[in-house]
Amino acid sequence: MTARELDAAGVTDPGLRAAYAHCRRLNARHGRTYFLATRLLPAARRPAVHALYGFARWADDIVDDPATGHTTADRAQALDALQHRLDEGLRGGGSTEPVVRAVAHTAAVYRIDHRHFADFMASMRSDLTVTDYPTYADLRRYMHGSAAVMGLEMLPVLGTVVPQEEAAPHAAALGIAFQLTNFLRDVGEDLDRGRVYLPADLLAAHGVDRALLRWSRDTGRPDPRITAALEAAAAFTRGVYREAAPGLAMLDPVARPCIRTAFVLYGAILDAVRDDGYAVLHRRATVSRRRRAATALGGLARLAATRVTARPPAVRHGRVPHHAQEETP
């Protein structure tokens, strides 16, 4: 399918095609939920999404991959090198590094604001030294770069039927909702990395601190205070999804099935956490393959209905490359 996507996007240079294909593999390996949803986009737009998320996955691996054995100083140096390559790629439109080459090309084609990449890299650097967040306001500043900017980068690719600045707050909120969902699902794994992303004041309101989380993780024993704190975090996260929801109707109709499917699938992770008794310190909650498949089929049905009434690919408030062929699977 990669070749057809790249053909539809008008990417003909062999090196650039290889760079996009590499990003697609990164996205497929690390982001099953969003990768599945991306299949519902027109083929011409998928390479750009893979480039944006592939780059994010790569940077995240530098920070978090436990298999490397690298020190904090090593990781900081690797992020500095990535930043240098990224800056050069965004200025010149090319790079010898495949992921940077693909994301720089995407940024140029869709005129993505370079500040979003700078903000993202700043949040990646903070993960090297910041291990907890006293309040949600503190966490929100981190998530602007680590999550909100992903929604903002995606908007030019997806296209909107309103001015992009009107849709932007909802896109940012959706990126944050997705990340808050991951934080809740991954509490135990993040704790093993030395980090607690859930705000300390939210935990403290239920009598929870890092030491209690560590005790529960190490002993495998639940605690009602932890369950109450996690339940509160889930309720808060659902509120952020409600902030994001109005933005779905602001997207180009052909992009809505993709984002709505991601919206539903990530929300289903919250359901899985709840249904498993908020046992995220002891095991990862997962959405069943049956539910994932049913959601994807629903997205395909919405996509088919959209195609019946779809307008030409020139989106009113977005930029689809003139060479792109807006076909879907």
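This is a predicted model, so every value here is computed, not measured.
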Once you round to the nearest 0.5 Å, how far does [atom1] of [X] lie from [atom2] of [Y]?
X      : Y      : atom1 : atom2 : value
His50  : Thr38  : NE2   : OG1   : 5.5 Å
Arg238 : Leu180 : CZ    : CG    : 12.5 Å
Thr261 : Arg256 : OG1   : CZ    : 13.5 Å
Arg217 : Leu212 : CZ    : CG    : 14.0 Å
Ser216 : Asp223 : OG    : CG    : 7.0 Å
Asp119 : Met150 : CG    : CE    : 12.5 Å

Exercise for the section: For atom CZ of Arg221, decide whether the heavy atoms of other residues, nucleotides or ligands shown that lie under 6.0 angstrom number more than 12. Expected result: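 Atom CZ in Arg221 is not crowded, with 12 or fewer foreign heavy atoms closer than 6.0 Å.
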Problem - His114 atom NE2: more than 12 heavy-atom contacts under 6.0 Å - result: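 Yes, because the 6.0 Å sphere around NE2 of His114 holds more than 12 heavy atoms from other groups.
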Identify the heavy atoms of [X] and [Y] that sit nearest to each other, and give their distance.
X      : Y      : answer
Leu184 : Ala234 : CD2-CB, 3.6 Å
Asp13  : Leu16  : OD2-N, 2.9 Å
Val287 : Leu265 : CG2-O, 4.2 Å
Asp276 : Arg283 : OD2-NE, 2.8 Å
Arg46  : Arg4   : NH1-NH2, 4.0 Å
His206 : Ala232 : NE2-CB, 3.5 Å

Handout entry: Ionic contact status for Asp271 with Arg274, cut-off 4.0 Å
Key =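 A salt bridge is present here (some side-chain N lies under 4.0 Å from a carboxylate O).
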Practice task
Considering only NZ, NE, NH1 and NH2 on the basic side and carboxylate oxygens on the acidic side, decide whether Asp80 and Arg125 come within less than 4.0 Å.
Solution key: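 So Asp80 pairs with Arg125 through a salt bridge.
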Donor-acceptor check, side chain of [X] to backbone of [Y], threshold 3.5 angstrom: yes or no?
X      : Y      : answer
Thr237 : Ala233 : yes
Asp138 : Thr135 : yes
Arg210 : Gly194 : yes
Arg185 : Arg284 : no
His170 : Glu243 : yes
Arg260 : Leu248 : no
Ser126 : Ser123 : yes
Arg17  : Thr12  : no
Asp61  : Trp58  : no
Arg57  : Asn27  : no

So do [Y] and [X] actually touch side chain to side chain, heavy atoms under 4.5 Å?
X      : Y      : value
Ser146 : Met124 : yes
Leu139 : Leu198 : no
Arg195 : Phe183 : no
Val187 : Ile226 : no
Arg45  : Asp252 : yes
Val273 : Leu230 : no
Arg111 : Pro156 : no
Arg25  : His22  : yes

Handout entry: Intermediate values then yes/no, side chain to side chain contact (heavy atoms under 4.5 Å, CB included), His105 and Tyr20
Key = CA-CA 10 Å; His105 181 260; Tyr20 273 111; 2.7 Å; yes
Parallel, tilted or perpendicular: which fits the ring planes of [X] and [Y], with parallel below 30° and perpendicular above 60°?
X      : Y      : answer
Phe55  : Phe120 : tilted
Phe178 : Tyr266 : parallel
Tyr133 : Tyr197 : parallel

Practice task
Please step through side chain to side chain contact (heavy atoms under 4.5 Å, CB included) for the pair Val63 and Leu128, ending with a clear verdict.
Solution key: CA-CA 7 Å; Val63 174; Leu128 298 178; 4.2 Å; yes
Exercise for the section: Let me see the working for Asp113 and Val149 under side chain to side chain contact (heavy atoms under 4.5 Å, CB included), right down to the final yes or no. Expected result: CA-CA 10 Å; Asp113 191 331; Val149 298; over 6 Å; no
Exercise for the section: Using salt bridge (Lys or Arg N to Asp or Glu O under 4.0 Å) as the criterion, point out the one residue from Asp190, Asp192, Asp209 that pairs with Arg214. Expected result: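 Of the listed options, the one satisfying the test is Asp192.
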Problem - Steps toward side chain to side chain contact (heavy atoms under 4.5 Å, CB included) verdict (Val130, Tyr142) - result: CA-CA 10 Å; Val130 178; Tyr142 164 78; over 6 Å; no
Handout entry: Connected via hydrophobic side-chain network under 4.5 Å: Leu152 and Leu52
Key =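 No; Leu52 is not reachable from Leu152 via cluster members.
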